[in-house]
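So the structure is just underneath, and the comments pick up after that.
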Amino acid sequence: MKSLKLSATITAILGFFAAIALFFLYLSLADIANHEPNLTLEWYIAGICLFVLGIFTISTLITMTLFFKFKF
């Protein structure tokens with residue numbers, strides 16, 4: 001049960017960072033779509049944001065698995 005609480009806490013923190021990542025991903029993709037000069041930073045930001053969203057998704061799946069394991 002302690003692992004479920006820890007996993008839920010980590011998922012909540014990652015959820016906060018995922019919300020921020022979505023905002024920055026929107027801004028970077030808007031610059032990419034507008035063909036701004038020198039898009040290197042925007043592509044790095046998009047990659048980091050997608051990485052954060054991927055980690056959040058994996059963390060959510062792990063938390064759900066632990067929840068159903070302890071619930072039933």
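Because the structure is a prediction, the values reported are computed rather than measured. Atoms considered below: every heavy atom in the structure, side chains included; atoms not considered: hydrogens, waters and symmetry mates.
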Distance-only donor-acceptor hits, side chain of residues 38-45, under 3.5 Å, sequence neighbours excluded:
| unit_1 | atom_1 | unit_2 | atom_2 | d |
| --- | --- | --- | --- | --- |
| N38 | OD1 | T40 | OG1 | 3.2 |

Side-chain donor-acceptor pairs of residues 16-35 under 3.5 Å, sequence neighbours excluded:
| unit_1 | atom_1 | unit_2 | atom_2 | d |
| --- | --- | --- | --- | --- |
| S28 | OG | F24 | O | 3.2 |
| S28 | OG | L25 | O | 3.0 |
| N34 | ND2 | A30 | O | 3.1 |

May I have the list of side-chain donor-acceptor pairs in residues 48-55 shorter than 3.5 Å, sequence neighbours left out?
none

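Between the CZ atom of F70 and the NZ atom of K5 there is a distance of 11.0 Å, given to the nearest 0.5 Å.
Other residues sharing the hydrophobic cluster of L61, ordered by chain and number and joined by side-chain separations under 4.5 Å: none, the residue standing alone.
Shown here are the side-chain contact (heavy atoms from CB on, under 4.5 Å) partners of T9, two or more places apart in sequence or in another chain: I13. Residues satisfying the side chain to side chain donor-acceptor pair (under 3.5 Å) criterion with T63, sequence neighbours excluded, are S7, T11.
One hydrophobic cluster, built from ILVMFWY side chains closer than 4.5 Å, holds both I10 and F56. A chain of hydrophobic side-chain contacts below 4.5 Å, direct or via other Ile, Leu, Val, Met, Phe, Trp or Tyr residues, connects F67 to I58.
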